[in-house]
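Letters go in sequence order (proteins before strands), and every chain restarts at 1.
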Amino acid sequence: MPIDFKKIEKKWQKRWEKSKIFEANPKKKKKFFMTVPYPYASGPLHVGHGRTSTNGDIYTRFMRMKGLNVLWPMAFHITGTPVLGISDLIRKQDQETIQLFKEYVSLHIKERKKVEVLVESFGNPWNVANFFAGTMISDFRSLGFSIDWRRKFTTGDKEYASFIQWQFRKLKEKGYIIQGAYPILFCVNCNNAVGEDDIKGGDVIKPEVGEYTLVKFKLEESYLPAATLRPETIFGTTNLWINPEKIYVKAKVDNEIWIISERAAEKLKKQGKKVKILESFPGHKLVGKYVSVPTINREVIILPADFVDVNESSGIVYSVPAHAPWDWIGLKVLKENSDYLVKYRIDPYIVKKIEPISIIKLENYGEFPAIEECEKLGIKNLEDKEKIDLATETIYKEEFYNGILKENCENYNGLKVAEAKERIVDELKNINAGDKFYEVIAKEKPVKCKCNEDVIVAVLQDQWFIDYGNEGWKEKVRQHLKKMEIVPEIYRKQFEDVVEWLHERPCARKRGIGTELPFEKGWIIESLSDSTIYMALYTVIHIIKNNEIKPEQLKDEVWNYIFLGEGDSEKIEKVSGIKSDILKKMRREFEYWYPNDHRHTAIGHISNHLIFFIFNHLAIFPSKHWPRKITLNEYVINEGRKMSKSFGNVIPSVEASTKYGADLYRLHASNAVNLQTTLDWREKDILTIRKGLENFFSLVSSYRQKKKEQRLDDISKWLYSKFNRIIDECTKNLENFRIRNYVQKSFFELMSLVLRYRKRENKKSLEKYVLNDIFKTWIKLLAPVIPHVCEELWWLFGQKGFVSLEKWPKPNKKLINKKVEELEEILNNTKEDLAHIIKLAGKKKIAYIYVTTDKELDYFKETLEHLKKQFGFKKVFVFKSSDPKRYDPQGKTSKAKYGKPGIYLE
RNA sequence: GCAGGGGUAGCCAAGUCUGGUUAAAGGCGCAAGGUUCAGAGCCUUGUGGCUUAGUGCCUUCGUGGGUUCAAAUCCCACUCCCUGCACCA
């Protein structure tokens, strides 16, 4: 008869909830404050969240049983932009999204009509967020997590906004909030920043912001700025390229006159330049004129080129045929095309005279790497675009890493390209011949916004940042990180590296849902910046809500008092209207629970959330309230494939708990692999474990009757010894957050030991007594990982109360008996040998076993019957090798060759 | 490109820090035997090669070198895979 685990689970989940055993309040006891980051509520909880939370829950339950006062709260993250994207798609009737969300909603709502109404309401992003924030609670509950739900909130709550604004004012006070220029992808039509979700095919082409150097070539009183990624090549400039048939403008840019393409003028405006267009004209008006190359003051001619794209950068290109394949092919083609030149009134002789200028020495290449590479690839003309791009990429890489600048590069002679580059940019800037230009970089161009406008790069002049580059702050983090526990240790290096490369992070945006920036209207605090110290809020949020404190009462003085102990509660009562004793109560509760002792999450959070979590705690709180420990686990993938919405293979956790049951899920999620290994979710594996769980349940429940105490025989002593050893090992494994090792020992290893014992023990009454006794402790040992099954068994064993609240078993070291374990090992080896010999030599009737010590002799004598039965011997004799009578115990078996320790068969 | 992690028998996965007890845990798969009307399930055994009355030898832990009496484990180089690189939670 199959065991109805689901029924058992529901039953205990209800009882836990009803008896409020996981609701934690300050007590005289030692506290333990565990957190797992709140999930983002844009869909149902999935098995990946489940894995992380299961690990957290196992540890939390362990600590609770160890006698600590444990708090594990949970909340929901709803601020940010992803829900906006979902709402947009639903409003636009995107069928795929609607279908997906109908499926998600159906996980909790069965009526079709209701589902449809709900999904339609998702046109409003708040509805998406609030719906999933609600259902996630039941998702969590159905996996049996021991969470204190009184303290739940969402990041969209008014109280939360007040708290976050307080945090940001604090950061600003300390000088950690700065404002400055910041380049972003931008759509002129939407007049807004565009993220991956706003760009056509954004998830595939992954556009980035590229920073080019503008090299300004002087032409009379004006400048022609050419954009380049390779400013070091200016020494090899032979000419400029201008598209003769496209429109260029003369414009006042800040205080200078620039000549650029029409499109470039627009972009520069968005990139923070003051641009006033003075006149426009076709490019051929410039052709034939001479400009001066900065730093070397060489005069070079402006030549016409149809391949110049005026939508790209400034629309002006300087030509370095020795090192740039496009320039070389352009020049080559032009030399062969006098008609074209004549059309633009250029003397073909002048162009014929232009020769590439080699400026970079490159091993394995001759004087002109670009020419060589073009010849190697068989590039004939400008139509071979792909090949020219490929050649460009090759040469760029080779020269950047291996190229050395030649003597015609003035002060840069002998320098590596990689080194020279920055110095040249500096020099150009110093002599007012250099500037910056941002351009979109992507595999496919142009990059289009979903509104069909080309995406450009704009520079926000007044972007707000959190200044994680602040050296003093960083140093504090470095020092504290050394004191923090990171488990598994292999991830520590990554934390350290992130601290180093982290710099200013934009912390507010102009759209999305969330908390408004307190210092400037129209900015919403971004969702990774609004979730760094919120664990503090857990300690008091239930008091705020229960006492019906209004969000507007939560003034800075209140937060300062609760979290920093500043001010006087009586005075703050007057300012806020919150009763002094409630303020005191909140302060006490915060002081009791803080710091956050342990935070567990998935590794993806290291480079952002977790590091921000550390930074912000160090900025806001005194050192006694800084985080202590972070543990991590890898992700979950589904049958070898990454889980993602676009593959449609995300497994909601409710699906897992409904299909397999919570305990089975927990057992598998914690046992399948180590923390630092990706868990491949394969149905086959789970079904295998199911059998084990069922066996465990029926085995243990069949020994529920308590029996009278009896004297132990050796094999029982052996089981007690092994059992206590395992308790000890499990405790150590859990203390060190080696969850998998704990599960393997406590569940699988013990299971096989118990089965072995049952085969070996002949006295049924003793077996019943021993197993009843051991199982009662075993249930406690397994309660953290499979709590529902254990509660049920605990109850079946006639025990009162919840096993979840029992004391964690202590190993009885006196019962750990090495001798008896060794003897059992010898016996076991003997059995293996016997089996092997019998297999090779055929069945025999009599076995002679010679042992060395009295202890062994006794032990084997006890097991004679067992051996006889197992191998079908008529007789089994055990002798001590040194016993003079060994040859002839019954007057028949004396043989000279026998007697050495070992086994002999007849 | 930069940074971090990893490559272990048919598959998944321990072991690597602290070198020898490791032909290398455990699981899956496969094979044989048992239980069974049959299947499922469960139990036992086997699962690199050769060999043997419980043994011994050879080859093996991405590839190639090195250190050592001894290397899956330490060092170097190469190679392949995964993750992160910021406005995306």
Side-chain angles (χ1 to χ4, degrees), chain A residues 37-43 77-83 85 155 182-185 193-197 202-203 206 208-209 396-397 400-401 418 460 463-466 468 488-498 500-512 524-531 602-609 611-612 632 634-635 637 640 642 668 671-674 676-680 682 684-685 687-689 691-692 694-695 740-741 744-745 748-749 752 755 759 829-842 844 847 870 902-906:
Chain A
Y38 46 33
Y40 195 83
S42 63
H77 201 191
I78 67 171
T79 42
T81 51
V83 279
T155 56
Y182 188 66
I184 46 161
L185 295 177
V194 286
E196 206 178 283
D197 297 335
D203 50 337
K206 303 258 181 205
E208 289 173 48
V209 173
Y396 181 90
K397 258 191 204 161
F400 184 79
Y401 293 104
L460 291 181
Q463 172 68 50
W464 292 93
F465 297 91
I466 298 181
Y468 293 120
E489 256 298 313
I490 53 162
Y491 296 119
R492 179 180 294 279
K493 184 89 177 71
Q494 206 174 328
F495 276 90
E496 289 167 355
D497 288 347
V498 173
E500 296 315 314
W501 63 249
L502 204 66
H503 51 84
E504 313 82 36
R505 180 188 169 86
C507 61
R509 336 172 66 192
K510 297 253 175 169
R511 61 203 197 106
I524 303 295
I525 293 170
E526 169 273 334
S527 56
L528 277 170
S529 301
D530 81 355
S531 56
I603 52 164
H605 288 137
I606 297 174
S607 61
N608 44 58
H609 167 70
I611 212 82
F612 299 159
L632 300 139
E634 257 276 0
Y635 288 116
I637 60 172
K642 198 173 159 176
H668 181 60
N671 164 69
V673 289
N674 266 340
Q676 64 263 38
T677 305
T678 307
L679 170 57
D680 191 357
R682 282 173 306 200
K684 202 182 68 184
D685 295 349
L687 297 180
T688 309
I689 292 202
K691 203 74 214 166
E694 282 169 3
N695 291 345
R740 181 185 196 237
N741 298 30
Q744 288 203 326
K745 292 263 172 211
F748 295 95
E749 201 173 312
S752 77
L755 293 179
K759 275 191 209 152
N829 291 342
T830 308
K831 276 162 71 179
E832 270 174 35
D833 288 351
L834 280 168
H836 202 149
I837 302 169
I838 287 168
K839 197 184 160 206
L840 292 166
K844 304 276 176 172
Q870 177 154 5
I903 305 159
Y904 306 90
L905 301 185
E906 275 185 358

So A:His77, base contact, sugar-phosphate only, or nothing? Heavy-atom distance under 4.0 Å.
sugar-phosphate
If I take atom CG in residue A:Asn671 and atom C1' in nucleotide B:C28, what distance separates them, rounded to the nearest angstrom?
13 Å
Quick check for you: among B:A14, B:C88, B:C85, whose closest atom lies nearest to any side-chain atom of A:Leu528?
B:C88
Which part of the nucleic acid, if any, lies within contact of A:Ile689, taking any heavy atom under 4.0 Å across all strands shown: a base, the sugar-phosphate backbone alone, or nothing?
nothing
Winner on side-chain proximity to A:Lys759, out of B:C43, B:G41, B:G27, is B:C43
Minimum-distance nucleotide to A:Lys642 side chain [options: B:C28, B:G4, B:U83]:
B:U83
Quick one: label A:Lys510 by what it contacts on the DNA or RNA (base, sugar-phosphate, nothing), any heavy atom closer than 4.0 Å.
nothing
Given the C1' atoms of B:C30 and B:G84, what is the spacing between them in whole Å?
40 Å
Donor-acceptor contact present, side-chain A:Tyr635 to main-chain A:Lys642, <3.5 Å:
no
So what does A:Asp497 touch, heavy atoms closer than 4.0 Å: a base, only the sugar-phosphate, or nothing?
sugar-phosphate
Considering only side-chain heavy atoms of A:Asn674, which listed nucleotide, B:U83, B:G15, B:U44, is closest?
B:G15
RNA chain B: 5'-proximal contact among A:Gln494 and A:Cys507 (nearest heavy atom):
A:Gln494
How are the rings of A:Tyr468 and A:Phe612 set to each other: parallel, tilted or perpendicular (split at 30° and 60°)?
parallel
Give a yes/no answer on whether the side chain of A:Thr677 brings an N or O atom under 4.0 Å of OP1 or OP2 in B:C82.
no
Just to be sure I understand the rule, does A:Arg505 reach a base, reach only the sugar-phosphate, or reach nothing, if contact means heavy atoms closer than 4.0 Å?
base
